S.K.: 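One structure follows; several queries about it will come next.
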There are 2 protein chains.
Amino acid sequence: MSGWKELLTQAGYRVTEPRCAVMQLLLDSGMPLSPQALFESSRTQRQNLGLVTIYRTLELFEVLGLVCRVHLKDGCHGYLPVSPGHHHFVICEHCGGAVEFPGGDDLRMLIADIEAQTGYRVAEHLLQLIGLCPVCQAQRELA
Amino acid sequence: MSGWKELLTQAGYRVTEPRCAVMQLLLDSGMPLSPQALFESSRTQRQNLGLVTIYRTLELFEVLGLVCRVHLKDGCHGYLPVSPGHHHFVICEHCGGAVEFPGGDDLRMLIADIEAQTGYRVAEHLLQLIGLCPVCQAQRELA
DNA sequence: TCCCTTATTGATAGTTTTTTTCAATAAGGA
DNA sequence: TCCTTATTGAAAAAAACTATCAATAAGGGA
Ligand SMILES: [Zn+2]
Ligand SMILES: [Zn+2]
Ligand SMILES: [Zn+2]
Ligand SMILES: [Zn+2]
């Protein structure tokens, strides 16, 4: 994400300090952050964002396609910054580290199959992979 | 789902009236139901389940693989009864109707690709398709 | 650069969702 | 039928999320 400020502006929104802070925290984190986690991070870094602002900012960012909401096992709902377009994530179940990947032809085929089988017209999909990142794999092998 | 009572018993749990009621409501519904929705349904049908019991029952059922938690746009977390094994759902975004589809080889190729690309070891995945069911498609065409 | 309009913020309060607690109840084996 | 103990559900607490509104600040225009 680099041009996100321009995107905000073009969409008629203001580039405010709190919005910058939220985006920065997300970019620095590398793992899905919940609204609460963002709130606490912001306090640690003396930015003191309001929790309400965080909710609103995440919602706006999601609508603009700047962040993506992922579903976690515990508690659900972390947010990750995303590059423009459609995407998915592999999330490490141990450290939370998330890596984005594009949906491939495989998925397209699968969806076509399901449409044929069920008669549904598929408009969107939710796909997340959960596993162990290389670092956590190595760690586990030592134990 | 037919042998779910046996499955409960074999796992050392009791087959109670509230558990039967929750399963029945889920089976009758055909769409994802939230804990709150189950609570209200149960009151309508004079079964008066406690909300806490519903939460606990859903959690147990999920652990036993009898139901599956799906993530909805608004409010998140509906529950659907599932047949044994691995599977996913197509959910109608208009009427909520859900259809299960088996996921055997599923995403094997895709996952293998991602593992190679990212170094992650993928353990599980979350896949949901969202779209329009045949009925709702027809309805939309008339409008 | 300064001002003015108005989008945005955040404190407070309110609502919804989920979890904890614990005495009363009932499932199911003896 | 009785007894043990898993299970229930009312009530209360905690967590997650939303609504309100006066004060603030972004950024366009003078
Ligand atoms: Zn969710
Ligand atoms: Zn990891
Ligand atoms: Zn439908
Ligand atoms: Zn699958």
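Residue numbering restarts at 1 for every chain, and letters A, B, ... go by the order of the sequence lines. As the structure is a computational prediction, the values presented were derived from the model and not from experiment.
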S.K.: Counting side-chain heavy atoms from CB outward, which of dT21(C), dT20(D), dT7(D) is closest to Y13(B)?
M.R.: dT7(D)
S.K.: Using heavy-atom distances to pick each residue's nearest nucleotide on DNA chain C, tell me which of R56(B) and H77(B) is more 5'.
M.R.: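 Residue closer to the 5' terminus by nearest nucleotide: H77(B).
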S.K.: Taking atom C1' of dA11(C) as reference, at what distance in whole Å does atom CD1 of I54(A) sit?
M.R.: 14 Å
S.K.: L51(B) near the nucleic acid: base, sugar-phosphate alone, or nothing, with a heavy-atom cut-off under 4.0 Å?
M.R.: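 Here L51(B) touches the bases of the nucleic acid.
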S.K.: Without decimals, in angstroms, what is the distance between K5(A) NZ and dG27(D) P?
M.R.: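 In whole Å, dG27(D) P lies 10 Å from K5(A) NZ.
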S.K.: Take atom CD of E62(A) and atom P of dC17(D), then tell me their distance rounded to the nearest Å.
M.R.: 12 Å
S.K.: If you only use heavy atoms from C-beta on, which nucleotide in dT20(C), dT9(C), dG28(C) is closest to the side chain of R19(A)?
M.R.: dT9(C)
S.K.: By nearest nucleotide on DNA chain C, pick out whichever of V15(B) and E59(B) is the more 5' one.
M.R.: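 Checking each residue's closest nucleotide, the 5'-ward one belongs to E59(B).
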S.K.: Taking only side-chain nitrogens and oxygens of T16(A), does any of them come within less than 4.0 Å of OP1 or OP2 of dT9(C)?
M.R.: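 T16(A) to dT9(C) OP1/OP2: side-chain N or O found under 4.0 Å.
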S.K.: If you assign Q36(A) and V52(A) each to the DNA chain D nucleotide with the nearest heavy atom, which residue ends up on the more 5' nucleotide?
M.R.: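 Of the two residues, Q36(A) wins.
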S.K.: Tell me the interatomic distance from N48(A), atom CG, to dT24(D), atom P, rounded to whole angstroms.
M.R.: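 Rounding to the nearest Å, CG of N48(A) and P of dT24(D) are 16 Å apart.
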S.K.: With hydrogens left out and only the distance checked, is there a donor-acceptor pair under 3.5 Å joining R14(A)'s side chain and the base of dG28(D)?
M.R.: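 Donor-acceptor pair under 3.5 Å: no.
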S.K.: Using atom CD of Q10(B) as one end and atom P of dG29(C) as the other, report the distance to the nearest whole Å.
M.R.: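 Answer to the nearest Å: 13 Å.
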S.K.: Under 6.0 Å between the ring centres of H125(B) and H86(B)?
M.R.: yes
S.K.: Is it the case that E141(B) and Q137(B) place a side-chain donor and acceptor less than 3.5 Å from each other?
M.R.: no
S.K.: Decide yes or no on side chain to side chain contact (heavy atoms under 4.5 Å, CB included) for C68(A) and Y79(A), but give the supporting numbers first.
M.R.: CA-CA 6 Å; C68(A) 178; Y79(A) 290 82; over 6 Å; no
S.K.: Using whole Å, what does the distance between atom C1' of nucleotide dA10(D) and atom CZ of R43(B) come to?
M.R.: 12 Å
S.K.: Please state how far atom CD in E17(B) lies from atom P in dA27(C), giving the value in whole angstrom units.
M.R.: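 Value for this atom pair: 8 Å.
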S.K.: Within the structure provided, determine whether Q128(A) and H88(A) are in side-chain contact (heavy-atom separation under 4.5 Å).
M.R.: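 SC-SC contact between Q128(A) and H88(A) ruled out.
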S.K.: Counting N and O atoms only, with roles assigned by atom type, does the side chain of D106(A) sit under 3.5 Å from a partner on the main chain of L110(B), one being a donor and the other an acceptor?
M.R.: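 Yes: the side chain of D106(A) pairs with the backbone of L110(B).
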S.K.: Calculate the interatomic distance between Y55(B) atom OH and dT17(C) atom P; express it in whole Å.
M.R.: 7 Å
